[in-house]
Amino acid sequence: MLTLIHDHKFLTTRQLQALAFTHHASELSAARTTRRVLQRLHRERLLASLPRRVGGMYGGAENPTWHLAPTGYRLHYLASGGADDELPRRIREPSERTVKHCLAVADARIAVEETARETGDVLVVRIVTEPDNWRRYTDSMGTTEVLKPDLELVTRTSDEHGHYEDRWFLEVDLSTEHPPVIVRQCQQYEAYRRTGQEQDRTGVFPLVVWVVRTTARTQRLARAIRAARRLDTGLFRVITGEQLPALIRGGVGGEL
DNA sequence: TACTCTGGATCTGTAAACTT
DNA sequence: AAGTTTACAGATCCAGAGTA
């Protein structure tokens with residue numbers, strides 16, 4: 001639980017249920033168990049939750065959003081061998097936008113894992129969150145850049161001819177950025193691809209998938225990417241969240 | 001034996017919107 | 001002005017299963 005929350009920065013009770021309590025007799029029972037475990041971790045001061053709306057015009061209460069408390073950081077740091085990041089720094093108040101984005105990235109991960117679990121025809125080999133999935137490279141100007149995908153994903157599909165391993169970089173878009181900003185980020189992927197670093201390591205370059213909210217947005221972004229100069233459109237795909245399961249089941253095919 | 005975990009059933013708390 | 005509706009997370013009770 002601590003690792004999941006550490007990796008995603010923020011997770012809701014429901015998301016933790018979907019990620020960690022998947023073999024219960026009923027959804028209700030899974031939810032109850034999730035709550036009990038979170039309560040315990042909260043009581044031990046390992047977790048804290050953000051303020052949430054309770055009652056009101058939309059009815060019910062908002063699902064709690066959890067993050068690690070300082071003790072939780074410390075414990076995770078010790079449990080993970082103290083290897084991956086520095087000791088707990090002061091936790092500063094996150095912006096609502098940051099939280100929403102973290103939760104949306106987690107939703108994408110959940111969609112992928114649920115697809116794998118429910119269909120059985122795709123296997124999740126690796127899923128890496130920030131900052132472990134960052135890629136450092138030197139661009140054509142000689143400056144050091146860092147590529148920061150929202151999620152790095154390796155999946156495996158099988159058919160009668162054998163296994164196929166697919167690699168992906170996922171970017172989750174909540175329509176908060178203007179298309180030129182998205183295009184600039186695509187150019188960063190393109191620049192990284194030109195270094196050949198990734199291909200040297202794994203043989204292929206991952207497909208960069210923009211996961212957006214609406215079909216109108218897919219069209220806007222796809223148009224912007226196609227219109228951009230020096231951008232290999234075969235490298236990118238823009239889809240809605242609903243299309244994500246189909247995409248990873250089908251492997252990399254089709255076009256922008 | 002003694003403790004913990006699980007899961008079904010049912011009850012509470014909450015506050016804006018709606019009704020009377 | 002007062003009461004009711006709404007919708008959901010969460011609380012509580014409890015029996016049966018699991019475990020040391």
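Please read all numbers here as calculations on a predicted model, not as lab measurements. Order of the sequence lines fixes the chain letters, A, B, ..., with proteins taken first and strands second; residue numbering starts at 1 for each chain.
Computed from coordinates, the A:Gln39 CD to C:dA9 C1' distance equals 11 Å when rounded to whole Å. A:Arg40 places its CZ atom 16 Å from the P atom of C:dG10, with the value rounded to the nearest Å. Taking atom CD of residue A:Gln17 and atom C1' of nucleotide C:dA9, one finds them 12 Å apart after rounding to whole Å. In this structure, A:Trp66 places its CH2 atom 14 Å from P of C:dA9, rounding to the nearest Å. Separating the CG atom of A:Leu38 from the P atom of C:dA9 is a distance of 13 Å, rounded to the nearest angstrom.
Phosphate contact (OP1/OP2 of C:dG10, side-chain N/O of A:Arg35, threshold under 4.0 Å): present. Under 4.0 angstrom from either OP1 or OP2 of B:dG7 there lies at least one side-chain N or O belonging to A:His24.
Comparing A:Arg36 and A:Pro64 by the nucleotide of DNA chain C whose heavy atom lies nearest to each, the residue mapping closer to the 5' end is A:Pro64.
A salt bridge is defined here as a Lys NZ or Arg NE, NH1 or NH2 lying under 4.0 Å from an Asp or Glu carboxylate O, and A:Arg135 with A:Glu152 meets this definition.
When all heavy atoms of A:Thr233 and A:Ile225 are compared, the pair lying nearest together is CG2-O, 4.4 Å.
Across A:Asp173, A:Thr176, A:Asp150, a single residue satisfies side-chain hydrogen bond (donor to acceptor under 3.5 Å, both in side chains) together with A:His101, and that is A:Asp150.
Put simply, the side chain of A:Gln243 never gets that close to the backbone of A:Val238: no donor and acceptor are under 3.5 Å apart.
Applying the 3.5 Å distance criterion, the base of C:dG10 shares no donor-acceptor pair with the side chain of A:Arg32.
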